[in-house]
Amino acid sequence: MAMFPRDLLAGDTETAARRLIGARLVRGSGPEARTGRIVEVEAYIGLEDLASHARTGRTKRNAVMFGPPGAAYVYLVYGMHNCLNVVTEAEGRPAAVLIRAVEPIAGVDEMRASRLGVLGGGSGRRETAAELSRRRVETLPKARLAAGPGLVCAAFSIDRRDDGRDLCDPASPIRLEITDEDEQLPIAVGPRIGIDYAPEPWLSRPWRFFVPGHASLSIAEARDRRGQAS
DNA sequence: GCAAAGATTTGCT
DNA sequence: GCAAATCTTTGCC
């Protein structure tokens, strides 16, 4: 296992997004480390991308997107879900790749616990919500534990305290790694999800990248696929 | 200073 | 298939 090279994030974001498919997201170290393979991402590219948080210019929330590549941009959506992005391109140009789905590989019990809000220092759900969904999460198939952008953060205990963290730093509690053992995964493309507020051509830009047919794809991707079925 | 909507997920009608 | 949950950020008065 080696760290994900920062160079691969410093260039254009579409290429970076493709390179992130198959890379590993890691939380912690030792026997309790959580590891998963990234299987679905979306690219948000530049000030001109009217689907991007950076479309309004630099703000307190999106400041990290304007910084150096390799940083984590973590934000809260709908008042309850955290989403993790990997900042790309040169410092000064706002771009990032949203991690939409991860296939759990190791630390599955810890991911389940984090989804239930049991683990400390994390982004788990509130106690009442955990009560309601406890049985569901306990019996959830391993492949579905991080099958969505909000679920990735819930499973890996990521919240806005992680905003700005360097994902290419081996000492970081949350980081990106690669292995040479993994075969090259097939990659499919499609329009980004949940950006109905964006005008064309941004609405239809094929900037979502995913492993076709993978069991850990986001719910939204599965729904989208049903719609496309002919 | 206030109203509105959001790069989502879940459960119910 | 639709709406609720929930709170921060943004946009407009």
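In what follows, every chain begins at residue 1, and chains take the letters A, B, ... in the order their sequences are listed.
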**Message:** Please report the distance, rounded to the nearest Å, between NE2 in A:His53 and C1' in B:dA7.
**Reply:** 5 Å
**Prompt:** Would A:Asp163 and A:Arg160 pass as an ion pair if we require N to O under 4.0 Å?
**Reply:** no
**Message:** Does a side-chain N or O of A:Ser52 approach OP1 or OP2 of B:dA7 to a distance below 4.0 Å, or not?
**Reply:** no
**Request:** Let me have DNA chain C in dot-bracket notation, would you? Count Watson-Crick plus G-U wobble pairs, both distances under 3.5 Å, and use [ ] for pairs crossing earlier ones and | for inter-strand partners.
**Result:** |||||.||||||.
**Request:** Send over the distance from A:Asp163 CG to C:dT8 P, rounded to a whole Å.
**Result:** 14 Å
**Prompt:** With a non-hydrogen cut-off below 4.0 angstrom, is A:Arg192 in contact with a base, only sugar-phosphate, or nothing?
**Reply:** nothing
**Asked** To the side chain of A:Thr59, which of C:dA5, C:dT10, B:dT9 is closest?
**Response** C:dT10
**Request:** Verify side chain to side chain contact (heavy atoms under 4.5 Å, CB included) between A:Arg100 and A:Val152, making sure each step is shown before the conclusion.
**Result:** CA-CA 7 Å; A:Arg100 286 194 56 90; A:Val152 168; over 6 Å; no
**Asked** For A:Arg55 and C:dG11, what is the distance between atoms CZ and C1' respectively, to the nearest whole Å?
**Response** 11 Å
**Geometric cation-pi criterion A:Arg192 and A:Tyr44, 6.0 Å radius, 45° cone** = yes
**Prompt:** Looking at A:Ile158, A:Asn85, A:Val86, which one forms a side-chain contact (heavy atoms from CB on, under 4.5 Å) with A:Ile99?
**Reply:** A:Val86
**Item:** Sugar-phosphate, base or nothing in reach of A:Arg160, heavy atoms under 4.0 Å
**Value:** sugar-phosphate
**Message:** Taking side-chain hydrogen bond (donor to acceptor under 3.5 Å, both in side chains) as the cut-off, I'd like each qualifying pair that reaches into residues 60-72 of chain A, sequence neighbours left out, listed once.
**Reply:** A:Thr59-A:Asn62
**Item:** Carboxylate-amine/guanidinium contact A:Glu32 A:Arg27, below 4.0 Å
**Value:** no
**Fill in**
Among B:dT9, B:dA7, C:dG11, the one nearest any side-chain atom of A:Val77 is B:dA7
**Item:** Rounded distance in Å between the C1' positions of B:dA5 and C:dA3
**Value:** 15 Å
**Prompt:** Which nucleotide in the list B:dT10, B:dG6, C:dT9 gets nearest to the side chain of A:Tyr78?
**Reply:** B:dG6
**Request:** To the nearest Å, give me how far apart CG (A:Leu76) and P (B:dT9) are.
**Result:** 13 Å
**Asked** Listed in order of residue number, which residues of residues 95-104 of chain A have a non-hydrogen atom at under 4.0 Å from DNA chain B?
**Response** A:Leu98, A:Arg100
**Message:** Whole angstroms only, please: what is the CD-P distance between A:Glu40 and B:dT9?
**Reply:** 10 Å
**Asked** Taking the same atom, P, in C:dG1 and in B:dA7, what whole-Å distance lies between them?
**Response** 23 Å
**Asked** Checking all strands, does A:Ala198 fall into the base, sugar-phosphate, or nothing category for heavy-atom contacts under 4.0 angstrom?
**Response** nothing
**Complete:** From the candidates C:dC7, B:dA7, B:dT9, the one with an atom nearest any side-chain atom of A:Leu151 is B:dT9
**Request:** For C:dA4 versus B:dA4, give the span between their P atoms, rounded off to a whole number of Å.
**Result:** 16 Å
**Item:** Heavy-atom check, side chain of A:Arg165 versus side chain of A:Pro173, under 4.5 Å
**Value:** yes
**Request:** Consider the side chain of A:Tyr44, meaning its heavy atoms from C-beta on, and name the nucleotide among C:dA5, B:dA7, B:dT8 that approaches it most closely.
**Result:** B:dA7
**Item:** Nearest-Å distance for atom pair CG/C1', residues A:Asn82 and C:dT6
**Value:** 13 Å
**Request:** Using a cut-off of 6.0 Å, state whether more than 12 heavy atoms not belonging to A:Arg19 lie near its atom CZ.
**Result:** no
**Message:** Students often get this wrong, so: under 4.0 angstrom with heavy atoms, is A:Ser218 touching a base, only sugar-phosphate, or nothing?
**Reply:** nothing
**Message:** If only side-chain N and O atoms count, and only distance matters, is there a donor-acceptor pair under 3.5 Å linking A:Glu110 with A:Ser114?
**Reply:** no
**Pair A:Asp49 + A:Arg205, salt bridge at N-O below 4.0 Å** = no
**Message:** Heavy atoms from C-beta onward define the side chain here; which of B:dT8, C:dA5, C:dT9 lies closest to that of A:Pro149?
**Reply:** B:dT8
**Item:** Ring geometry between A:His53 and A:Tyr75 (parallel below 30°, tilted from 30 to 60°, perpendicular above 60°)
**Value:** perpendicular
**Request:** To the nearest Å, give me how far apart OH (A:Tyr73) and C1' (C:dT8) are.
**Result:** 11 Å
**Request:** Figure out the CD1/P separation between A:Ile193 and B:dT9, and round it to whole Å.
**Result:** 9 Å
